[in-house]
Number of protein chains: 2
Amino acid sequence: MVDNNIKEFDDELSEKKLKILEAAIKVFSEKGFDGSRTSEIAKEANVAEGTIFKYFKTKKDILLSLLLPLTLKFIKPLTMKSAEDILNKGKDEPVDEVLKRLLYDRLHLVKKNMPLVKTVVIESLYHEELLVPIKEKLAPQVLELLDGYVNYHKEKGDFKDYDTRFITRTIMSMLLGYVVLSSAFPEFFSMGDDENEIERIVDVLLNGIKNGGV
Amino acid sequence: MVDNNIKEFDDELSEKKLKILEAAIKVFSEKGFDGSRTSEIAKEANVAEGTIFKYFKTKKDILLSLLLPLTLKFIKPLTMKSAEDILNKGKDEPVDEVLKRLLYDRLHLVKKNMPLVKTVVIESLYHEELLVPIKEKLAPQVLELLDGYVNYHKEKGDFKDYDTRFITRTIMSMLLGYVVLSSAFPEFFSMGDDENEIERIVDVLLNGIKNGGV
DNA sequence: ATATTAAGTGAGTGAATACTCACTCTGGGA
DNA sequence: TCCCAGAGTGAGTATTCACTCACTTAATAT
């Protein structure tokens with residue numbers, strides 16, 4: 001199924017189409033979908049406006065096409081590299097090490113693709129066509145992987161006996177909160193480099209902020 | 001200063017203007033600012049389209065006007081009711097009780113005003129005119145209050161010796177993550193009623209998910 | 001009653017913009 | 001060299017939409 005996507009990706013992706021997609025990501029992320037003009041995307045892509053409509057039936061078509069690169073970039077590395085880290089190598093390593101590596105990895109993936117992520121996340125709030133595939137394809141894969149890891153360590157007794165999905169959500173919350181708050185309000189919330197931040201985040205996630213109950 | 005706002009609020013707010021603002025919040029939150037039509041806002045408010053422009057110079061003026069109700073709703077109750085809870089009554093109560101009350105209170109404030117919050121948060125990503133007052137007025141007040149509480153308990157030895165702002169951010173992260181994830185993906189992340197969720201969230205915040213290091 | 005003012009209206013306007021289409025260019029096959 | 005297919009173009013078009021303004025209605029004062 002993933003291979004299918006890649007094939008589709010390679011097949012359809014001429015030089016120009018790729019440039020249009022990249023330009024669209026840039027413009028959409030700066031102005032929002034409805035605030036973006038196809039003329040600006042064309043200029044940004046060094047292409048005539050008409051060319052856009054040779055590749056995409058409508059403006060909304062461009063937006064929907066962003067799902068493919070998003071899925072490719074996030075699902076593939078997740079199931080490949082990080083799944084490997086977590087589920088294989090990670091099984092015998094301490095949880096804090098593995099969680100730190102995982103969060104750091106995801107953090108950088110998000111930061112590297114911020115405009116794409118920002119656009120898809122925000123526009124999916126207004127266009128169901130975007131949200132549906134996310135809920136049906138992307139989310140389940142991510143959740144299955146994380147839930148699996150959490151369950152493994154719950155059963156091993158490493159984690160407390162909270163609901164699995166609750167723990168999964170908490171892990172995601174902490175990363176989400178960091179990304180959102182530190183990039184929206186860098187002057188208030190960006191205190192160190194990502195590596196140190198992640199380290200502290202995982203510490204708190206595992207042990208809390210309360211001074212030892214001993 | 002707060003009183004100033006209220007006076008301004010009361011003075012300017014005729015019946016019609018209020019109806020237009022409420023309609024705008026609804027339409028903006030459903031379609032986004034650039035996706036919204038003044039004609040639809042007018043219809044939603046049971047008002048002629050021209051009337052909108054008697055009260056607001058431009059469409060963007062409507063958006064900027066949303067800052068006032070937002071600030072009033074969030075700053076005033078925060079500094080009043082919750083500040084009282086936290087700083088006075090809360091000083092001698094256990095931190096978990098106070099945090100639970102605080103988060104529960106804020107959660108419901110956000111949920112009750114979701115369309116307004118959603119609109120302001122998202123549109124501030126695209127319109128600096130919105131973000132600037134948030135950063136200069138709203139954020140500092142919220143942070144001062146929370147930082148104060150955190151500092152108090154850090155000094156008392158209740159909290160570990162993390163950077164104050166880091167703890168503050170973590171508290172906000174956990175609430176933000178819960179609100180965002182459970183409302184964007186209710187089928188994946190809504191597991192219980194808010195009260196129970198908050199309770200677990202504060203537990204994890206204080207003690208972490210790791211099984212006792214004892 | 002009448003005048004005065006303010007509040008509200010909605011048809012009209014001009015600018016903007018997503019999309020079309022008749023055309024041009026280019027590279028490779030005969 | 002000539003031809004052709006199809007990639008690319010950009011001026012043109014039809015529509016949409018924020019905003020205006022000449023007018024109506026309602027309320028209050030005189």
Side-chain angles (χ1 to χ4, degrees), chain A residues 8-67 119-120 122-124 126-130, chain B residues 8-67 119-120 122-124 126-130:
Chain A
E8 198 187 332
F9 207 57
D10 277 346
D11 277 0
E12 285 190 33
L13 228 61
S14 70
E15 171 87 14
K16 298 261 167 184
K17 188 170 182 180
L18 180 65
K19 269 176 36 176
I20 292 170
L21 272 181
E22 285 171 346
I25 290 173
K26 175 154 191 261
V27 177
F28 286 166
S29 75
E30 282 166 7
K31 315 250 173 122
F33 176 75
D34 285 310
S36 300
R37 308 287 144 231
T38 50
S39 57
E40 196 181 345
I41 296 173
K43 196 190 283 177
E44 183 73 38
N46 281 319
V47 140
E49 203 172 345
T51 308
I52 290 181
F53 295 96
K54 276 270 147 63
Y55 288 103
F56 302 94
K57 241 172 69 70
T58 62
K59 184 182 155 191
K60 181 167 264 184
D61 235 42
I62 310 176
L63 181 63
L64 295 177
S65 300
L66 296 185
L67 274 177
T119 300
V120 174
I122 290 177
E123 298 306 332
S124 70
Y126 303 120
H127 309 273
E128 278 234 345
E129 310 93 302
L130 275 179
Chain B
E8 199 187 333
F9 206 57
D10 276 345
D11 277 0
E12 284 191 34
L13 226 62
S14 70
E15 172 87 13
K16 298 260 166 184
K17 188 169 183 183
L18 179 65
K19 269 175 36 175
I20 292 170
L21 271 181
E22 286 171 344
I25 290 172
K26 177 157 190 258
V27 177
F28 286 166
S29 75
E30 282 165 8
K31 316 250 172 122
F33 176 75
D34 285 311
S36 300
R37 307 289 145 231
T38 50
S39 57
E40 196 182 344
I41 296 173
K43 198 191 282 178
E44 182 74 36
N46 281 319
V47 142
E49 202 171 347
T51 307
I52 290 180
F53 295 95
K54 276 273 148 62
Y55 289 103
F56 302 94
K57 242 171 67 73
T58 63
K59 184 183 158 192
K60 183 168 262 185
D61 235 42
I62 310 177
L63 181 63
L64 296 177
S65 301
L66 295 186
L67 274 177
T119 299
V120 173
I122 290 178
E123 297 307 330
S124 70
Y126 303 119
H127 310 272
E128 278 233 346
E129 308 95 302
L130 275 180

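Naming: A, B, ... by sequence-line order, numbering from 1 per chain.
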Base versus backbone protein contacts along nucleotides 5-19 of chain D [heavy-atom cut-off under 4.0 Å; B, S, -]:
---BBB------SBB

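Between the side chain of B:S36 and the backbone N or O of B:G32 there is at least one donor-acceptor pair closer than 3.5 Å.
Taking the ring centre of A:F53 as origin, the terminal cationic atom of A:K59 falls outside the region bounded by 6.0 Å and 45° from the ring axis.
Within the structure, every pair that satisfies the salt bridge (charged side-chain N to carboxylate O under 4.0 Å, His left out) test and touches residues 25-38 of chain A, not counting sequence neighbours, is listed here: A:K26-A:E44, A:K31-A:E40.
Not counting sequence neighbours, the partners of B:F28 by the ring pair (Phe, Tyr, Trp, His ring centres under 6.0 Å) test are B:F33.
One finds no salt bridge joining B:E49 and B:K43 here, because no Lys/Arg side-chain nitrogen approaches an Asp/Glu carboxylate oxygen to under 4.0 Å.
Rounded to whole Å, atom C1' of D:dA27 lies 16 Å from atom CD of B:E15.
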